[in-house]
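The structure appears below as structure tokens.
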Protein chains: 2
Amino acid sequence: MRLPRELVARSGFLLVRLGLRFKAQALAELAQADFSQYHYSVLALLDEQPQETQAQIADTLCLDRSQLVRILDSLEDRGLIARHRDRTDRRRHTVSVTAAGRRQLHQLRRMIDELEDDLLAPLTGADRRRLHALLLQLAEAHDPSCGASD
Amino acid sequence: MRLPRELVARSGFLLVRLGLRFKAQALAELAQADFSQYHYSVLALLDEQPQETQAQIADTLCLDRSQLVRILDSLEDRGLIARHRDRTDRRRHTVSVTAAGRRQLHQLRRMIDELEDDLLAPLTGADRRRLHALLLQLAEAHDPSCGASD
DNA sequence: TATTGTTATACTCTATAACTATA
DNA sequence: TATAGTTATAGAGTATAACAATA
């Protein structure tokens, strides 16, 4: 029943395994509230960068544009976001969060906070900060959209 | 084009993102050599714990038994593993790596080693060790099969 | 009847390709 | 002609269910 040492000795393997585990937990938790991972990240994005166009949102979150359509549909149906046709280019839709959407975001945020607390529970506060710093260093190096600069 | 700070500030999010990225790279690299992630982990497992039954292998690697059948079929077709019917219980098949399988494992190992070097390149040697220790601490706490003990 | 390995089927997620309306 | 958003379709990957051999 024990995993090969060869795998456990790899940071890459542990990263994948812990990441998949956390993702699965988050998915399950969000699904109970009838949301997906994307609902959360779209709301979080629009909360910080309002009035993005659909193409911008999709590119930022590495989503397919056709995938985003369905996500936005379901958020719009619940009154959490609103689409606005751009007056300067009528092909474009800009998207914004509604007040209800912001309230929902707070709830989802709390759900994920709890999950993350569970995940990091084995570490001391100092170790949590060290881990985040190391992960951020890797993410910024490999993935510019995680970076502090634009 | 920048990801929400709310997400980047989360170790859980970074873990998922880095994990998915590394997994995708490993999949692409292995696919070029006509292997999958599972081929590698099955070979690695059998190299350390030979003569496991199919059920044991599937449970250890969290694979569906029916999924494992196809993986073993393709490894057997290439002469990298061999199935043996268990004499004490003729329902069971034990599985072992062949010499060719061991040679192939070395090659796959080198491929993943390189990928991992790329992943961890931004960190110093000391930071790499710190990161692995932190990840291992989390993995062992949440996932006994990663642990040192059985 | 229960279990091992196997085969066949269904489902979910994502990726690709067409379609419309605007530019 | 090219682009933004939308719709429809196809594919990979996985999960579920049924099946044959053996216990």
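In what follows, chains are A, B, ... by sequence order, proteins preceding strands, each numbered from 1. Since the model is a prediction, treat every value here as computed from it, not as a measurement.
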Straight-line distance of A:Arg130 CZ to A:Leu135 CG, nearest 0.5 Å: 13.5 Å

Pairwise 5' ranking along DNA chain C for A:Asp86 and B:Thr94, keeping only the more 5' one: B:Thr94

Where protein sits on nucleotides 8-20 of chain D, one letter per nucleotide: B base, S sugar-phosphate only, - none, heavy atoms under 4.0 Å: ------BSB----

Passing option when A:His106 is tested against A:Arg110, A:Arg102, A:Arg109, A:Gln104 for side chain to side chain donor-acceptor pair (under 3.5 Å): A:Arg109

Whole-Å distance separating the CG atom of A:Leu63 from the P atom of C:dA15: 9 Å

Whole angstrom value for the distance that separates C1' of C:dT7 from CG of B:Leu72: 15 Å

Nucleotide D:dT22, atom C1' - distance to CZ of B:Arg92 in whole Å: 11 Å

Nearest-Å distance for atom pair CZ/C1', residues B:Arg87 and D:dA23: 19 Å

B:Ser96 and B:His84 side chains, donor-acceptor separation under 3.5 Å: yes

Pairs meeting criterion salt bridge (Lys or Arg N to Asp or Glu O under 4.0 Å) with involvement of residues 68-79 of chain B, two or more places apart: B:Asp73-B:Arg83, B:Glu76-B:Arg83

Value in whole Å for how far the C1' atom of C:dG5 lies from NE2 of B:His84: 16 Å

Separation of atom CG in A:Asp89 from atom P in D:dT3, rounded to whole Å: 12 Å

Whole angstrom value for the distance that separates P of D:dT6 from CG of A:Asp77: 12 Å

Worked check of side-chain contact (heavy atoms from CB on, under 4.5 Å) between B:Val95 and B:Gln51: CA-CA 5 Å; B:Val95 186; B:Gln51 294 289 110; over 6 Å; no

Side-chain H-bond candidate by donor/acceptor type, A:Gln49 with A:Glu52, under 3.5 Å: yes

Any B:Arg83 side-chain N or O less than 4.0 Å from OP1/OP2 of C:dT6: yes

Atom-to-atom span, CZ of A:Arg85 to P of D:dT6 - whole angstrom: 8 Å

Nearest listed nucleotide, side chain of B:Arg91, among D:dT3, D:dA23, D:dT6: D:dA23

B:Arg65 side chain near C:dT4 phosphate (N/O to OP1/OP2, under 4.0 Å): yes

From CD (A:Glu6) to CG (B:Asp47), nearest 0.5 Å: 7.0 Å

Short side-chain N/O contact to D:dT22 OP1/OP2 from B:Arg90, under 4.0 Å: yes

